[in-house]
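Notes follow once the structure below has been shown.
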Amino acid sequence: MKKEALVFIFDGYADWEPAFLCAQLNLPGTGWSVKMLGLNRAEKTSMGGFRVIPDRAVEDCPADFDLLILCGGEAWLTGQNDAVLPVVQRAVGRGVPVGAICNAASFMAEHGFLDAIRHTGNTLAFMKRCAPHYRGEAHFEERQAVSDGGIITANGSAALEFTREVLLLVGAKPTKEIEDDYRLHKLGFYGA
C-alpha cells in the first residue's frame with residue numbers, strides 16, 4: 001500500500017511551492033500517493049489560476065496519513081486556514097512529518113510548533129510580525145529550508161530546498177538521486 005502525502009490547498013495557495021515535491025513523490029516506484037486536502041471539498045483556485053478539487057476535506061481527513069504539506073498564501077495571515085489546526089496537531093502528535101513553506105511557516109510559529117526546534121521562514125522580522133504568539137526566535141535560522149523534529153520549514157523562495165528536505169526526511173528516493181535532482185533544477189543543464 002502506498003504512503004499518503006496530504007497537501008493542504010485553499011483559494012490563493014502558492015501553487016509553485018509544492019509543485020516540485022508533488023511531482024517527485026508521484027514518480028513511479030517512490031511508494032507515495034499525493035492527495036489534496038481542503039477545508040472543504042469545494043474547488044480551490046491557486047495564485048496561478050489552477051483550479052483543483054480537493055480529494056479530502058478537513059472534517060473527513062483520514063486518521064492515517066504519512067506526510068502533511070502546508071503551502072504558502074495570504075490566507076494564513078488572516079486566519080482563514082485556522083480550521084486545519086487539528087490536522088496539524090494530529091500529525092505532529094503522531095510524529096508524521098509536516099512541511100510548511102512561506103506563510104504556512106508563520107502559521108506554525110503562531111501555534112507554537114516552532115518554539116523549540118530549529119526552523120526558518122520568510123524572515124525573522126516577518127515571522128514575529130505575523131505570529132504574535134511566536135516564542136522560537138532563538139531557534140530561527142537564516143537558511144532557505146530547515147528540517148528539525150519532523151518539521152520542515154522554508155521561505156517562499158525555497159521551493160527546491162523545501163522539496164529536497166522533505167524528500168530526504170521521508171526517504172522517498174536514495175539521497176544521491178535527491179541531491180542530483182536538486183542540483184539539476186537549481187543550476188540547470190549548463191549552470192549559471
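Index from 1, following the sequence. As the structure is a computational prediction, the values presented were derived from the model and not from experiment. Any value given below was found using the heavy atoms of this structure, including those in side chains, with hydrogens, waters and symmetry copies removed.
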Strictly below 4.0 Å, N to O, side chains only: are [X] and [Y] in salt-bridge contact?
X	Y	result
D180	K176	yes
E179	K173	no
K2	D66	no
R41	D55	no
E161	K186	yes

Side-chain heavy-atom pair [X], [Y] within 4.5 angstrom cut-off:
X	Y	value
V146	I152	no
V98	V92	yes
K44	I53	no
I151	L114	yes
V52	E43	no
C130	E110	no
F65	V87	yes
F140	T153	no

For the residue pair Q144 / S157, report whether a side-chain donor-acceptor contact shorter than 3.5 Å exists. yes

Treat each ILVMFWY residue as a node, draw an edge where side-chain heavy atoms are under 4.5 Å apart, and state whether [X] and [Y] are in one component.
X	Y	value
I69	L27	no
F162	L68	yes
V170	V88	yes
L25	L184	no
L168	Y182	no

Show your working on side chain to side chain contact (heavy atoms under 4.5 Å, CB included) between K3 and L67 and close with a plain yes or no. CA-CA 8 Å; K3 294 180 180 179; L67 174 63; over 6 Å; no

For Q80, give me all partners under side-chain hydrogen bond (donor to acceptor under 3.5 Å, both in side chains), at least two apart in sequence or on another chain. T78

Applying side-chain hydrogen bond (donor to acceptor under 3.5 Å, both in side chains), name anything that partners K128, two or more places apart in sequence or on another chain.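 Per chain and number, K128 pairs via side-chain hydrogen bond (donor to acceptor under 3.5 Å, both in side chains) with E137.
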
Quick one: does any side-chain atom of [X] pair with a main-chain N or O of [Y] as donor and acceptor, under 3.5 Å?
X	Y	answer
N81	F10	no
R94	A63	yes
W76	C71	yes
D11	T45	yes
T163	A159	yes

Quick one: do Q89 and F113 satisfy side chain to side chain contact (heavy atoms under 4.5 Å, CB included)? Show the steps, please. CA-CA 9 Å; Q89 290 169 325; F113 296 108; 3.8 Å; yes

Quick one: closest heavy-atom pair of [X] and [Y], and the distance?
X	Y	result
A83	V58	O-CG1, 3.5 Å
S106	L77	CB-CD2, 4.5 Å
R56	D60	C-OD1, 4.0 Å
G121	A105	CA-CB, 4.3 Å
R90	P62	NH1-O, 3.1 Å
G48	D15	N-OD2, 2.9 Å

Spatial distance of atom [atom1] ([X]) from atom [atom2] ([Y]) [nearest 0.5 Å]:
X	Y	atom1	atom2	value
S147	I117	OG	CD1	8.5 Å
T175	R164	OG1	CZ	11.5 Å
E165	D148	CD	CG	11.0 Å
F8	F107	CZ	CZ	8.0 Å
L37	L6	CG	CG	5.5 Å
N103	M108	CG	CE	14.0 Å

Apply side chain to side chain contact (heavy atoms under 4.5 Å, CB included) to F20 and L160, showing your working. CA-CA 7 Å; F20 288 101; L160 291 172; 3.7 Å; yes

Where does the angle between the aromatic ring planes of H139 and H119 fall among parallel (under 30°), tilted (30 to 60°) and perpendicular (over 60°)? tilted

Dump the intermediate steps for salt bridge (charged side-chain N to carboxylate O under 4.0 Å, His left out) on R118 and E141, then the final yes or no. CA-CA 7 Å; R118 295 180 307 106; E141 297 184 6; 3.2 Å; yes

